[in-house]
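Computed over heavy atoms, backbone and side chain alike; hydrogens, waters and symmetry mates excluded. Order of the sequence lines fixes the chain letters, A, B, ..., with proteins taken first and strands second; residue numbering starts at 1 for each chain.
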Number of protein chains: 2
Amino acid sequence: MPREKKIQPQETKRELPPEELLQDLGDLFKVFGDTTRIRIMYALYEGEMSVMAISELLGMTQPAISHQLKTLKAANLVAGRRQGKTIFYYLSDEHVKSIIAAGYEHLTEE
Amino acid sequence: MPREKKIQPQETKRELPPEELLQDLGDLFKVFGDTTRIRIMYALYEGEMSVMAISELLGMTQPAISHQLKTLKAANLVAGRRQGKTIFYYLSDEHVKSIIAAGYEHLTEE
DNA sequence: TGAACATATGAATAATCGTTCATATGAAGA
DNA sequence: TCTTCATATGAACGATTATTCATATGTTCA
């Protein structure tokens, strides 16, 4: 009589979330995985700023900032408001802060 | 009498966090910015697993998983426990779940 | 309408990164 | 100690990405 393989805890059947969610999560965190974009988000922590103001604060060229703002906007992390010739960007919701806070806690609490 | 430039809200002096923190945050989120690593972390949600078990669950080669586990371990997100010939990996703390949860909320709540 | 200004876009380049294949390490059992 | 098995490591390749430079878009004001 053939013996059943011993059942180990790690052999429990596992299911992963749907591929689309995994992809979306990866794409979202990829946006946070760049120092320039993190700097931009921190710059907007206390309120809106123009593209020029951001690029001066970060010491980077204006096109570099515009490219990154586009990425941040595509991820719904920032939004822009036009006033005359200039566009003021701001954090589009509180999720930015809570995601960064969650990461910060991992770095400090250990 | 020269007129002061109108003070706009965006002209407030801003300070960014120290460069090292920004770099550490970026590096941490970069680890989350890959579907394979997110899959691995989800696989370990319910408990430890061997490298082989993970690679079979994800349908990927063993070296691919080992490389990613190394990255996850370097970020203190997973840890390994040796038992005989096999090594069981597990989430090293609850931060993994809270970071992913924060990202998940951004994706769903809007 | 035309000049001036703020921002956006596109192409190109350099650097980073994930996977694969081949192989090395290290533990267990005969 | 030799073989086997699980995992780790290293080099190489392909793909993705951040920045730069040049230029386009679009708004304001004369």
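Contacts between residues 15-24 of chain B and DNA chain C, defined by a heavy-atom separation under 4.0 Å, are absent.
Residues A:L58 and A:M41 are members of one and the same hydrophobic cluster, defined by side-chain heavy-atom contacts under 4.5 angstrom among Ile, Leu, Val, Met, Phe, Trp and Tyr. Side-chain heavy atoms closer than 4.5 Å link hydrophobic residues (I, L, V, M, F, W, Y) into clusters, and following such links, even through other members, never connects A:L57 to A:M52.
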Indicate every side-chain donor-acceptor pair of residues 63-71 of chain B with a distance under 3.5 Å to a residue at least two apart or in another chain.
| residue | atom | partner | partner atom | Å |
| --- | --- | --- | --- | --- |
| B:S66 | OG | B:Q62 | NE2 | 3.1 |
| B:Q68 | OE1 | B:R37 | NH1 | 2.9 |
| B:T71 | OG1 | B:H67 | O | 3.4 |

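For the side-chain contact (heavy atoms from CB on, under 4.5 Å) criterion with B:D34, the lone passing option out of B:T36, B:V31, B:I38 is B:T36.
Computed from coordinates, the A:L72 CG to D:dA18 P distance equals 10 Å when rounded to whole Å. Rounded to whole Å, the distance from CE on B:M49 to C1' on D:dA6 is 16 Å. Going from atom CZ of A:R39 over to atom C1' of D:dT19 covers 13 Å, rounded to whole Å. In this structure, B:Q83 places its CD atom 10 Å from P of C:dA28, rounding to the nearest Å. At whole-Å resolution of the value, CG in B:D34 and C1' in D:dT16 are 12 Å apart. As a whole-Å value, the separation of A:K30 NZ from C:dT16 C1' is 13 Å. Between the CD atom of B:E48 and the P atom of D:dT7 there is a distance of 12 Å, given to the nearest Å. The CD1-P distance, from B:I38 to C:dG18, rounds to 12 Å in whole Å.
Side chain of A:T86 to main chain of A:S50: no donor-acceptor pair is present (N/O by atom type, distance under 3.5 Å, no hydrogens or angles).
Between B:Q68 and C:dC17 there is no side-chain N or O to OP1 or OP2 distance below 4.0 Å. Taking only side-chain nitrogens and oxygens, A:T36 comes nearer than 4.0 Å to OP1 or OP2 of D:dT19.
In this structure, A:F29 and B:F29 have parallel ring planes: the angle between them is below the 30° cut-off, well short of the 60° mark.
With contacts defined as side-chain heavy-atom distances shorter than 4.5 Å, the pair A:M49/A:I40 does not qualify.
Other residues, nucleotides and ligands contribute at most 12 non-hydrogen atoms within 6.0 Å of the CD atom of A:E15. No more than 12 heavy-atom neighbours from other residues, nucleotides or ligands sit within 6.0 angstrom of CD on A:E20.
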Return the polar atom pairs (N/O with N/O) between nucleotides 7-9 of chain C and the protein under 3.5 Å, or none.
| residue | atom | partner | partner atom | Å |
| --- | --- | --- | --- | --- |
| C:dT7 | OP1 | A:V51 | N | 3.2 |
| C:dT7 | OP1 | A:I87 | N | 3.3 |
| C:dT7 | OP1 | A:I87 | O | 3.3 |
| C:dT7 | OP2 | A:M52 | N | 3.0 |
| C:dA8 | OP1 | A:Y89 | OH | 2.4 |
| C:dA8 | OP2 | A:S66 | OG | 2.7 |
| C:dA8 | N7 | A:Q62 | NE2 | 2.8 |
| C:dA8 | N6 | A:Q62 | OE1 | 3.4 |

